[in-house]
Every structure is written in structure tokens, then in C-alpha cells.
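Worksheet: the structure to be examined is printed underneath.
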Amino acid sequence: KIMKKLYAGQIIEKEGLKITNNTLIKAPVGSGKSTLISKDIIDYREEKKDYRPVLILSSTAFLTKHQYLTFSEALKGQKCKVLNRIADKKNLKKRSVITLTYAALSVIIKFDPNFLDNFSMVYCDEVHSLLDYNSYGKSDLNILIRDLFILREKTKVIYLTATTDIIEKY
């Protein structure tokens, strides 16, 4: 019997699940995680009326550029601007979506420990790679790991991965 492939968003909808704060989503490559994030951004903003910027993190500059292009297209017509860097805090405008690498964010947090409080939502893509950095002893990234895994009252943080092997180790 052939089964129809369901995407991550379809499974969540079918099962009546809700993406809440500090949720880990494990789904294979090509399962619709980016589509799920786009829908979650739109739904969350409508439901909570929270239009603070959204931060999307990834492990490499290549993935960050890919996310920038993906979300620019997916959120077209949603009155939001997608940026792939932060020149200064003036870029933290309402309704913006910012894509950054974990390394870039670790430098920002070093100088502004409350930086994540500027965002309504933070999506940690390929979060397993962030935890792998921990084994290299990079203190800035270790601080970032601590900051991203704190339960925040005003910022929804979602972790995305295709593999949980490294995460389960911690």
C-alpha cells in the first residue's frame, strides 16, 4: 500500500498540535519546515498581535542566505521585510524577519545580553549543529546555547532539526 507523504505542517494540523514555546521539531529534510515556520509566523502575529521582529538562526552563511530567499518569497504580501543581517538596532522594526548565523548572534549577545528580548519569535534551524559547536569550547557559542534554551516569557523559541542524536547527548 502506498502512503501519501505528509509535510510537517499537515501532520501538526491533522493531529491538532500547537507549536508552543521551547518546542523541538524533528522532521526530515524536505518535510516542509520552512513552510511551517512561515505559517507559524503569520498565525502567531494574528493571534497574539505581537509584531516584534522574528529571528531565524542557522549554522552557516549559506543556509542563512537560503532562508533569506525562502522567507522573502513565502512571506510576500505579509507587510514584513526580510533581512539577512543587522546593521544596527534600527533594523529591528516591527514585522521584520531577520536571518542570522549562530556565530553572528553569539557576538551580538556578548555585547547585548538582552538582545533576544527584542524578538517575538526565534527559530533555531539545524539546532543540532549549534550543540556540536559546544564541543569546540567556544565560550561565546556556549553563552548563546545557554541563552537560547532559557524559557522566555515574551519570546517564543522553536528548535528545528532533522537529527536529534547530538541533542539527546546533552
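Quick caveat: nothing in here was measured; it's all calculated off a predicted structure.
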Evaluation steps, side-chain contact (heavy atoms from CB on, under 4.5 Å), between Ile37 and Leu160: CA-CA 10 Å; Ile37 293 170; Leu160 303 145; 3.2 Å; yes
Minimum heavy-atom distance Ser96-Arg45, with the two atoms named: O-NH2, 3.3 Å
Criterion side-chain contact (heavy atoms from CB on, under 4.5 Å) on Thr155 and Leu55, from CA distance to verdict: CA-CA 10 Å; Thr155 301; Leu55 181 61; over 6 Å; no
Heavy-atom side-chain contact between Ser38 and Phe71 under 4.5 Å: yes
Result of checking Leu63, Val122, Thr99 against Leu57 for side-chain contact (heavy atoms from CB on, under 4.5 Å): Val122
Partner set under side-chain hydrogen bond (donor to acceptor under 3.5 Å, both in side chains) for Thr64, not counting sequence neighbours: Ser58
Any donor-acceptor N/O pair, Asn118 side chain to Phe115 backbone, under 3.5 Å: yes
Euclidean distance, Ile42 CD1 relative to Glu47 CD, rounded to 0.5 Å: 14.0 Å
Shortest non-hydrogen separation from Lys49 to Glu46 and the atoms involved: NZ-O, 3.1 Å
Heavy-atom check, side chain of Met121 versus side chain of Ile158, under 4.5 Å: no
Distance, nearest 0.5 Å, that separates CG of Leu100 from CD1 of Ile108: 5.0 Å
Salt bridge (Lys or Arg N to Asp or Glu O under 4.0 Å) partners of residues 59-72, not counting sequence neighbours, each pair once: none
Pairwise side-chain contact, Tyr102 with Val127, heavy-atom cut-off 4.5 Å (strictly under): yes
Check: Ala61 main-chain N/O paired with Thr101 side-chain donor or acceptor under 3.5 Å: no
Nearest-0.5 Å distance, CG of residue Leu69 to CD of residue Gln67: 10.5 Å
Residues forming a side chain to side chain contact (heavy atoms under 4.5 Å, CB included) with Lys48, sequence neighbours excluded: Tyr44, Asp50
Residues forming a ring pair (Phe, Tyr, Trp, His ring centres under 6.0 Å) with Tyr159, sequence neighbours excluded: Phe149
Closest non-hydrogen atom pair, Asp117 against Arg52: O-NH1, 3.0 Å
Set of residues satisfying side-chain hydrogen bond (donor to acceptor under 3.5 Å, both in side chains) with respect to Lys76, sequence neighbours excluded: Glu73
Distance in Å, Phe119 CZ paired with Ile98 CD1, rounded so as to fall on 0.5 Å steps: 4.5 Å
